[in-house]
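Here, residue 1 is the first one in the sequence, and each next residue gets the next number.
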Amino acid sequence: MKKVITYGTYDLLHYGHIRLLERAKNLGDYLIVGVTADDFDKSRGKINVRQSLMERVEAVKATGLADEIIIEEYEGQKIDDIKRFEIDIFTIGSDWKGKFDYLKEYCEVIYLDRTEGISSSELRKKKSGLMLGLVGEALFLDKFIKESCYVNGVTVKGIYTPSVDLLSNQQRNLFIVTEDYDYLLKNVDAVFIYAHPKLRERQVRYALERGKHVLCESPVALNENKCRELFELAEAKGCILMEAMKTAYSTAFSRLILLAHGGKIGKIVSVDATCTSLRDMYEEGEAEIWNSLNKWGPTACLPIFQLLGTNYCEKKIISHFNENRKIDVFSKIDFLFREAVATVKVGIGVKSEGELIISGTQGYIYVPAPWWKTDYFEIRYENPAENKRYFYQLDGEGIRYEIVAFMRAIEKGKADFYIDKNVTYAIAKLMEDFENRKDFVQI
């Protein structure tokens, strides 16, 4: 019996896929089809795959062409599969010609011509087309523009800013550059907001009232009740409101949270997160300087609230202020939960090791600096021989992943919240308490 194997993502399965599978089937007697897992697709740069792994597997199964379907999950698996299944022929589309010649050592390699004019990428472009406007003044928006180019169907059409003279060349080259928020909203489907935290709540509300979807940097609002009102408004208007915190959308971070919840280190008793930088916010083109808690607080609190919940018993905010600019250049927050503790350290005028440590009764998770951009973490035990390391590719700091999640939410009419709403509300409450100097000590 001659065995044939082929691999693919098979997103939005189309005629071109089916023709390729038919021709692969005709090469032998038994066809094995490898469907790539979501995480492996991300590592190969396919970040805006629209269908889940199981949807794609079911689509391949429905063709009736595959005698067996397997999941491709890691680099180098093709060699393992060829040996394990005693494969005679490896085949794949001709757009990969030469890429898999190294497999000729193990079996025959055949490149099949693809069906011209049909591809999943083109279908994704046709199925979606999101005109996106940017709101804010930070150079971070340049990163966002660059990362949006990796997502099919997204076009950054313009930017709204009250300070056109502070824009970068990349921002000036957008189709719309305006100081009129209404004009931007009339020409886009959605907005991404990275304005000063004091301005966001009003800008989010204004966009939602005009029926526009909103992706907003965290914190969405500096008041818990107003934050809740915004999400209620979004629901009433049939719009998507999502919190943008790129760390939450990275594969490594999501896997870390799942492993911790799954008991890999026993019962969690402590979480310590540090986020600091020495960059002056004025250097980022901001009209008004941000404080440390606005800048880093949401990110630093994310693992704490996701792992320990938001119902802490007590908290204390300790801040060191720069009196000249009336902002905290460093803040430390201590949380007391019923059976655990947590500490946040954030600063824009103090530098420290930006690591994340999650301590448990059986071991601990260590994420090196800068942990909020992590593609690697370790689970460490009393016996070092049991330690495990985890690696996940991270492209674009996670920005492109949150753009994809935003697009999917708009298409589905419902957000798959990577950040639980209770976490969003807890972050807003923390900002509110800081502004009101509640549970607060100044040093």
**Student:** Specify whether Phe321 and Phe440 have parallel, tilted or perpendicular ring planes, treating 30° as the upper limit for parallel and 60° as the lower limit for perpendicular.
**Tutor:** perpendicular
**Student:** Would Leu241 and Leu230 count as a side chain to side chain contact (heavy atoms under 4.5 Å, CB included) if you check the C-alpha gap in whole Å, the side-chain angles of each, and the deciding distance to 0.1 Å?
**Tutor:** CA-CA 8 Å; Leu241 170 58; Leu230 291 177; 3.8 Å; yes
**Student:** Given Ile365 and Leu256, is the side chain to side chain contact (heavy atoms under 4.5 Å, CB included) satisfied, shown in steps?
**Tutor:** CA-CA 8 Å; Ile365 297 176; Leu256 177 156; 4.0 Å; yes
**Student:** Can a donor-acceptor pair be found between the side chains of Asn294 and Ser292 at a distance below 3.5 Å?
**Tutor:** no
**Student:** Would you indicate whether Lys226, at its atom NZ, is surrounded by more than 12 heavy atoms from other residues, nucleotides or ligands within a distance under 6.0 Å?
**Tutor:**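 Atom NZ in Lys226 is not packed in, count stays at 12 or less.
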**Student:** May I ask you to decide if Ser218's main-chain N or O and Arg200's side chain share a donor-acceptor pair within less than 3.5 Å?
**Tutor:**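 Confirmed, Arg200 side chain pairs with Ser218 backbone.
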**Student:** Evaluate the ring planes of Phe377 and Tyr392, with Trp represented by its six-membered ring, and classify them as parallel (under 30°), tilted (30 to 60°) or perpendicular (over 60°).
**Tutor:**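 Phe377 and Tyr392: parallel rings.
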**Student:** Could you check whether any side-chain N or O of Trp371 sits under 3.5 Å from a backbone N or O of Thr274, counting only pairs where one atom can act as donor and the other as acceptor?
**Tutor:** yes
**Student:** With a 4.5 Å limit on heavy-atom distance, are the side chains of Ile268 and Ile358 in contact?
**Tutor:** yes
**Student:** Any side-chain heavy atom of Arg172 within less than 4.5 Å of one from Leu174?
**Tutor:**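 Sidechains of Leu174 and Arg172: no contact.
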**Student:** Going by atom types alone, do Asp433 and Asn436 pair a side-chain donor with an acceptor below 3.5 Å?
**Tutor:** no
**Student:** Hey, mind stepping through Gln171 and Leu134 against side chain to side chain contact (heavy atoms under 4.5 Å, CB included) and telling me if it holds?
**Tutor:** CA-CA 9 Å; Gln171 292 164 355; Leu134 307 183; 5.8 Å; no
**Student:** Between Arg84 and Asp81, does any NZ, NE, NH1 or NH2 come within less than 4.0 Å of an OD or OE carboxylate oxygen?
**Tutor:** yes
**Student:** Would Arg255 pass as a cation-pi partner of Phe253, given that its NZ or CZ must be under 6.0 Å from the six-membered ring centre and within 45 degrees of the axis?
**Tutor:** no
**Student:** Does Thr6 reach the side chain of Leu21, with side-chain heavy atoms less than 4.5 Å apart?
**Tutor:** yes
**Student:** Please state whether the rings of His14 and His17 are parallel, tilted or perpendicular, taking 30° and 60° as the class boundaries.
**Tutor:** parallel
**Student:** Under 3.5 Å, is there a donor-acceptor pair between the side chain of Tyr111 and the main chain of Gly98?
**Tutor:**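 Checked: pair present.
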**Student:** Quick one: does Ile193's side chain get under 4.5 Å of Leu215's, heavy atoms only?
**Tutor:** no
**Student:** Do side-chain atoms of Lys316 reach the backbone of Val441 as a donor and acceptor pair under 3.5 angstrom?
**Tutor:** no
**Student:** With no hydrogens and no angle check, is any side-chain donor or acceptor of Gln306 less than 3.5 Å from a backbone partner on Ser254?
**Tutor:** no
**Student:** Backbone N or O of His320 within a donor-acceptor pair of the Asp328 side chain at under 3.5 Å?
**Tutor:**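 Pair absent, no side-chain N/O of Asp328 close to backbone of His320.
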**Student:** State, yes or no, whether a side-chain contact exists between Thr276 and Ile348 at a heavy-atom distance under 4.5 Å.
**Tutor:**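 Contact flag for Thr276/Ile348 side chains = no.
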**Student:** Considering only heavy atoms from C-beta outward, does the side chain of Thr424 approach that of Cys227 to under 4.5 Å?
**Tutor:**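 SC-SC contact between Thr424 and Cys227 confirmed.
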**Student:** Charged N to carboxylate O below 4.0 Å: is that the case for Lys332 and Asp334?
**Tutor:** yes
**Student:** Check each of Phe100, Trp96, Phe85 against Phe90 using the ring pair (Phe, Tyr, Trp, His ring centres under 6.0 Å) test, and report the only one that passes.
**Tutor:** Phe100
**Student:** Output yes when a side-chain donor or acceptor of His213 lies under 3.5 Å from a complementary backbone atom of Leu132, and no otherwise.
**Tutor:** no
**Student:** Looking at Arg228 and Glu224, is there a salt bridge between them, counting it only when a charged N and a carboxylate O are closer than 4.0 Å?
**Tutor:**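 Judged by the 4.0 Å cut-off on N to carboxylate O distance, Glu224 and Arg228 do form a salt bridge.
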**Student:** Do Thr36 and Glu72 meet the criterion of a side-chain donor-acceptor pair at a distance under 3.5 Å?
**Tutor:** no
**Student:** Do side-chain atoms of Thr91 reach the backbone of Ile110 as a donor and acceptor pair under 3.5 angstrom?
**Tutor:** yes
**Student:** What's the spacing between Ile240 CD1 and Lys414 NZ if we round to 0.5 Å?
**Tutor:**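 Rounded to the nearest 0.5 Å, the CD1-NZ separation comes out at 10.0 Å.
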**Student:** Answer yes or no: does atom CZ of Arg338 have more than 12 heavy-atom neighbours from other residues, nucleotides or ligands under 6.0 Å?
**Tutor:**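 Count not over threshold, so no.
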**Student:** Measure the CG-CD1 distance between Leu130 and Ile403 for me, rounded to the nearest 0.5 Å.
**Tutor:**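 So the CG of Leu130 and the CD1 of Ile403 are separated by 9.5 Å.
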**Student:** Would Lys246 count as a cation-pi partner of Tyr401, with NZ or CZ less than 6.0 Å from the six-membered ring centre and within 45° of the ring normal?
**Tutor:** no
**Student:** Between the side chains of Asp439 and Lys315, is the shortest nitrogen-to-carboxylate-oxygen separation below 4.0 Å, so that they form an ion pair?
**Tutor:** yes
**Student:** What do you reckon, is NZ of Lys388 surrounded by more than 12 foreign heavy atoms closer than 6.0 Å?
**Tutor:**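 No, not enclosed.
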**Student:** Step by step, work out the side chain to side chain contact (heavy atoms under 4.5 Å, CB included) result for Glu378 and Tyr390.
**Tutor:** CA-CA 6 Å; Glu378 295 182 19; Tyr390 297 82; over 6 Å; no
**Student:** With distance as the sole criterion, is a donor-acceptor pair present between the side chains of Ser319 and Gln442 under 3.5 Å?
**Tutor:**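 Looking only at side-chain atoms, Gln442 and Ser319 do not form any donor-acceptor pair under 3.5 Å.
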**Student:** Measure from NZ or CZ of Arg380 to the centre of the six-membered ring of Tyr366, then state whether that distance is under 6.0 Å and the direction lies within 45° of the axis.
**Tutor:** yes
**Student:** Say whether, by atom type as modelled, one donor and one acceptor occur between the side chain of Glu432 and the main chain of Ala428 under 3.5 angstrom.
**Tutor:**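 Not confirmed, Glu432 side chain does not pair with Ala428 backbone.
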**Student:** By the definition side chain to side chain contact (heavy atoms under 4.5 Å, CB included), identify the one residue from Ile427, Val423, Asn422 that meets it with Tyr425.
**Tutor:**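 Among the candidates, only Asn422 passes.
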**Student:** May I ask you to test the Val156-Phe175 pair for a side-chain heavy-atom distance under 4.5 Å?
**Tutor:** no
**Student:** Please determine if Lys267 and Glu339 form a salt bridge, counting it only when a charged side-chain N lies under 4.0 Å from a carboxylate O.
**Tutor:** yes
**Student:** Please report the C-alpha distance between Lys3 and Glu86 in whole Å, then the side-chain angles of each, then the deciding distance to 0.1 Å, and finally whether the salt bridge (charged side-chain N to carboxylate O under 4.0 Å, His left out) criterion is met.
**Tutor:** CA-CA 7 Å; Lys3 290 186 176 181; Glu86 298 180 341; 5.2 Å; no
**Student:** Within a strict 4.5 Å, meaning less than it, do heavy atoms of the Lys345 and Phe330 side chains meet?
**Tutor:** yes
**Student:** Measuring from atom CG of Leu293 to atom CG of Leu430, what distance do you get when rounded to the nearest 0.5 angstrom?
**Tutor:**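 Nearest 0.5 Å value for the CG-CG distance: 5.0 Å.
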**Student:** Any chance CG of Asn173 has more than 12 other-residue heavy atoms, nucleotides or ligands included, within less than 6.0 Å?
**Tutor:**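 More than 12 heavy atoms, drawn from other residues, nucleotides or ligands, come within 6.0 Å of this atom.
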**Student:** If you count the non-hydrogen atoms of other residues, nucleotides and ligands that lie under 6.0 Å from NZ in Lys429, is the total more than 12?
**Tutor:**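 Counting neighbours around NZ of Lys429, more than 12 heavy atoms of other residues, nucleotides or ligands fall under 6.0 Å, so yes.
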**Student:** With distance as the sole criterion, is a donor-acceptor pair present between the side chains of Trp296 and Ser277 under 3.5 Å?
**Tutor:** yes
**Student:** So does Met131 get a backbone contact from the side chain of Asp189, meaning a donor-acceptor N/O pair under 3.5 Å?
**Tutor:** yes
**Student:** Working to the nearest 0.5 Å, report the span between NZ of Lys198 and CH2 of Trp290.
**Tutor:** 12.5 Å
**Student:** Do Phe144 and Tyr194 have their ring centres less than 6.0 Å from each other?
**Tutor:**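 Not close enough - the centres of the two rings lie 6.0 Å or further apart.
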